[in-house]
Amino acid sequence: MHATLPFLPYIVGGLAVTILASLVTFACAVAIGLAATLWMTTGHPAAGPIVRAYVAIFRSLPELLCIFLVYYGCEIALQKAAVSFGFRPIPISPFLAVTVAIGVQFGAYSVQIFSDAHRSINPGLFEAAHALGLSPRKVTTRVAIPLILQAAIPGLSNLFSVMLKVSALASVIGLEEVTRRAKIVAGSTREPFAAYAVAVVCFLVIAAAAALLQARLERSFRSTREA
Amino acid sequence: MTIWRKRLQAAAILLGCIIAGTPVSAQQQKYVVGMDAAYPPFVSVNSDGQMIGFEIDFMNALCAEIKIQCEIQNVPYDGIFAALEAGKIDVIAGGNNITDERKQKYLMPGPYLRGPLAFIVPVSSTIDGSKESLKGKTVGTVGGSVQEKYMREQIGRETTVKLYDSMDAAVLDLDAGRVDAVLSEELQALPGYIQAKPDTYKLAGKSIYDPAYMGQGKGLMVRKTDASLAENLQKGIDAMIANGKLAEFSKKWFGKAVPAR
Amino acid sequence: MKDSEVAPVILEARGITKSFGGHEALRGVDLAAHRGDVVAVIGPSGSGKSTFLRCLNFLEKPSGGQVILDGEIFAAADFSGRSHQHRGRLIKLRRRVGMVFQSFNLWPHRTALGNVMEGLTQVLNMPASEAKERAQELLNKVGLASHAGHYPAQLSGGQQQRVAIARTLATEPEVLLFDEPTSALDPELVGEVLSVIQALAREGRTMLVVTHEIGFARDVATKVVFMADGAVQERGSPEDVLRQSQSPTLRAFLSRFRQER
């Protein structure tokens, strides 16, 4: 334990990366899920098949595979392209790879959360907006999106807590989040238990903070539902 | 097929442009050196998160010696070979043993260190490293390593070999009593475990200097397509052996001048 | 007054048909509302009266026929595709024809005031401060000035429907469509909503009211339309339809209705 103590700030510092990566990934997943759900509600003939295929594909892929695919696969594809078209290849950072890979993958889960949320909303609320003379775009931004988001809070909270944990997978491609730093310290100090224990506490703390936030959000929305 | 490839390339370019904004054409020679900072004293981090160790001093001096710009990155060992092949890094360092299999896939400038093997055992253990003392015992070591080879070929079937993906995992099981000894490289074992916890561990018997298992020493790894880089690195290593810098670093980090060849 | 003078026709439906799959819900419904008319549409459930009302502002796309608002023709065929031009016309039609729903359909994420303001700021593009003032006036008009800050979930059904009426009035539509405005209410709350609708009738607003409240049709309406099986069976003054008609279907409907109430 003695050897690990000086490393505390270093491991805990990885929290910033964990949280940032989770938030960016989450935003990415939410944006994809919301966009796909809204696209489906337009009744565009291609929307249903494309979104369903997307969900089916990404729900069945292991997260780690997606990360590898983006981090190594895209880098190689980029390099090939760079050679034939004569530009300097752009390195894909671990952060970018993780947010893209997990964002796109969890987008598939969020599509389901959002389309369930959408189904749970009384269609009369949209009709009322149309009947008032709101443009379809305003019906979407003023009525559909707020209501869908509100109905999706419990599902999204679950998704976020899973995402926090999945972000630890980024350690395998060297993103210096909590898990990776704990592993580095474990190797450096030969005190793996202490190092990983610190990481465990870190994750428990953010999970608790996220749960608090969820409870707070739900409470503030519930007040609009009940007298 | 070619049409497909063209399309893929076009898609990749599009992706690249999205990610980077604009293509850059200026070519700067900067090499990325990857190593996993979990193997003291070769490489680890200090409490500020800075990478330190023999390999860091060595690589910095080597890059300076051959006048190339290097950036050292902390890359998890699990993905370090994929990173080399994907071009994310140009050199793998961190204390890898030169083996024939590896040489078939990569160019391996070196050796720059050549150390013996040694058994780590609890201080109370009666194991002395001989075949007899290991009969019926369980020995842990890293899978795919020269240590594993040594166990298979020299110790034989009467000793159970348990394989781990890292030395730490093997030593954890030594703590837990699941294995009776861990076969390690002495260079790694001494400062990493023995000096760190002299009340817990000791080296069993004599170090194993059999050249067949000391391997071919430690080398860097470079893609086969980067022949000129590998050649340069080799020249730099030769120069550092000649001018005594390597010996200086090994004294600093291993407590003694370890032979490079 | 309304009966003796002939006001111009403001809203007219011509040959509206609607089929859901194989089922013909509307079989060519004609109806004309003059300015100031209060048309009560009655009939058994499944007679197509709500569907007809929803066809007038194209919440339900008619399969055939025309809606003519103040001389402008909106043909069912115009709205079958996704043309932007027609979508724009549709929005204009809806601004001029307001609708109040059976289940209120207030937006749960906005307060009573916010619900009423929506049309002012988003449809009429009124600045927020002015819209707030106007919305407050409208809430005052339906007797809910003190409930401006309440969310729909904090209001009774009758209060919600009055807010919904204020929301519809905000955009100052020339014609108001009421789709069974009191059917979802507890009996003791029906009165407060009916009296608001009655007050609007006194202002001379043009209204089409699908209702089961025969008393309301008799006392407030200027015209009564009786629908059954997707077609208009009887039409005329309340006296003609509710008292004088000899139609057996209508008589059966009215008698059953009286028993129920």
Side-chain angles (χ1 to χ4, degrees), chain A residues 30 34 37-48 50 114 116-156 214 216-227, chain C residues 53-54 56-60 82 84 87-112 114-125 147 149-156 159 163-164 167-173 176-177 179 184:
Chain A
V30 166
L34 197 54
T37 302
L38 292 172
W39 189 34
M40 282 205 289
T41 60
T42 62
H44 191 284
I50 289 180
F114 282 125
D116 285 350
H118 184 265
R119 258 193 300 280
S120 76
I121 296 165
N122 168 13
L125 300 179
F126 306 130
E127 284 185 347
H130 283 296
L132 199 60
L134 260 68
S135 65
R137 178 201 292 263
K138 280 187 174 166
V139 175
T140 301
T141 57
R142 307 276 310 171
V143 180
I145 291 179
L147 290 175
I148 291 174
L149 281 176
Q150 187 172 330
I153 287 176
L156 290 180
Q214 175 193 359
R216 207 185 184 135
L217 273 175
E218 280 181 357
R219 203 165 43 239
S220 77
F221 280 120
R222 205 163 33 234
S223 71
T224 72
R225 293 230 172 106
E226 289 158 12
Chain C
L53 201 72
R54 290 161 58 82
L56 294 177
N57 65 354
F58 290 84
L59 273 187
E60 212 69 78
R82 314 177 127 255
H84 278 277
R87 197 187 283 172
R89 289 184 65 217
L90 196 56
I91 291 171
K92 265 188 231 156
L93 167 77
R94 286 171 176 167
R95 283 180 190 186
R96 298 175 65 185
V97 180
M99 182 174 244
V100 173
F101 298 84
Q102 176 178 350
S103 51
F104 335 131
N105 295 347
L106 290 181
W107 300 303
H109 61 303
R110 298 196 195 286
T111 59
N115 269 277
V116 181
M117 280 175 69
E118 194 68 9
L120 297 168
T121 57
Q122 303 305 314
V123 177
L124 304 183
N125 296 317
H147 291 67
H150 288 51
Y151 282 94
Q154 299 164 317
L155 299 171
S156 73
Q159 290 170 328
V163 174
R167 173 175 72 176
T168 304
L169 291 176
T171 51
E172 290 171 21
L176 293 171
L177 310 176
D179 185 8

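Quick note on labels: first sequence line is chain A, next is B, and so on, each numbered from 1.
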If you tally heavy-atom pairs under 4.5 Å between each of C/Lys92, C/Arg95, C/Gln122, C/His150 and chain A, the highest tally belongs to C/Gln122
Output yes when a side-chain donor or acceptor of C/Arg94 lies under 3.5 Å from a complementary backbone atom of C/Met99, and no otherwise.
no
Which region of C/Leu59, side chain (C-beta onward) or backbone (N, CA, C, O), has a non-hydrogen atom less than 4.5 Å from a non-hydrogen atom of chain A, or is it both or neither?
side chain
Okay, C/Arg167 and chain A: the region with an atom under 4.5 Å from a heavy atom over there is both
Does any backbone or side-chain atom of C/Val100 lie under 4.5 Å from a heavy atom of chain A? Answer side chain, backbone, both or neither.
neither
Does any backbone or side-chain atom of C/Leu90 lie under 4.5 Å from a heavy atom of chain A? Answer side chain, backbone, both or neither.
neither
Between A/Pro146 and C/His109, what is the shortest heavy-atom contact and its length?
CB-CD2, 3.5 Å
Please name the pair of heavy atoms, one in A/Met40 and one in A/Gly48, separated by the smallest distance, quoted to 0.1 Å.
SD-CA, 4.3 Å
Checking the side chain of C/Asn105 only, and the main-chain atoms of A/Gly124 only, is there a donor and an acceptor separated by less than 3.5 Å?
yes
Where on C/Thr168 is there a heavy atom nearer than 4.5 Å to chain A: the side chain, the backbone, both, or neither?
backbone
What are the two closest non-hydrogen atoms of C/Pro108 and A/Leu125, and how far apart are they?
CD-CD1, 3.7 Å
